[in-house]
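Structure first, then comments.
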Amino acid sequence: MAYAELLNRLVAAAPAAWTANVPADLTQLGPPVLRGCYLAAAAAAAHRPNILPQVNLSHALDAALRLRRSAHAARPDGDRIVLLCADEAVFGLLTEAWQRPPCLAEGLLPWLTSTSSPSN
């Protein structure tokens, strides 16, 4: 858990650098707990200017939803830390997506519906 806290501090210190390429960062992080912590930290910084450019916001939200689903699939009660971080990320990123320009919010409901279906 110490690595997760350090990652949280790193993202908070330089969020523009850490959120410029969400898919690449997630690939490099490896374990679900680190990916969850990264996504929660990115969500916490998302309200700041130039953080999570539009395409990266949708990548982060998709990753948080998938992380949450995979944590439940691994164990019936899920990994509590991963679930907590994924939930924090999902709610923070949804809030940010809703507050950004209408072009992002307009397509949000159909995208969420397709992303949250069990087949994905």
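Position 1 is the first residue of the sequence, and the numbers go up from there. The structure displayed is predicted, hence computed values, not measured ones.
- Here N21 pairs with nothing under the side chain to side chain donor-acceptor pair (under 3.5 Å) rule; sequence neighbours left out.
- Taking both residues in full, the closest heavy atoms of V90 and A64 are given as CG2-CB, 3.6 Å, listed atom of the first, atom of the second, then distance.
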Exercise answer: donor-acceptor pairs, residues 33-50 side-chain atoms, under 3.5 Å, sequence neighbours excluded:
residue	atom	partner	partner atom	Å
R35	NH1	G30	O	2.1
Y38	OH	W18	O	2.6
Y38	OH	D25	OD2	3.1
H47	ND1	A44	O	3.2

Quiz item: Yes or no on side chain to side chain contact (heavy atoms under 4.5 Å, CB included) for D87 and F91, after CA distance, side-chain angles and deciding distance?
Solution: CA-CA 6 Å; D87 283 347; F91 292 118; 4.2 Å; yes
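- Between atom CG of residue N56 and atom OG1 of residue T19 there is a gap of 6.5 Å, rounded to the nearest 0.5 Å.
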Practice problem: Show your reasoning for whether side chain to side chain contact (heavy atoms under 4.5 Å, CB included) applies to E96 and L52. | Solution: CA-CA 10 Å; E96 183 59 26; L52 285 171; 6.0 Å; no
Exercise. Could you walk me through whether L26 and L67 pass the side chain to side chain contact (heavy atoms under 4.5 Å, CB included) test, one step at a time?
Key: CA-CA 11 Å; L26 288 169; L67 183 63; over 6 Å; no
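- Contact check for V22 versus S58: no side-chain heavy atoms found under the 4.5 Å cut-off.
- Taking CG of L29 as the reference point, atom CG of L7 lies at 5.5 Å (rounded to 0.5 Å).
- Pairs of residues two or more places apart, or lying in two chains, that qualify as salt bridge (charged side-chain N to carboxylate O under 4.0 Å, His left out) and include a residue from residues 6-17 are E5-R9.
- The distance from the CD atom of E88 to the CG atom of L83 is 12.5 Å, given to the nearest 0.5 Å.
- Residue L94 is not grouped with residue L84 when hydrophobic side chains (ILVMFWY) are merged at heavy-atom distances under 4.5 angstrom, including chains of intermediate members.
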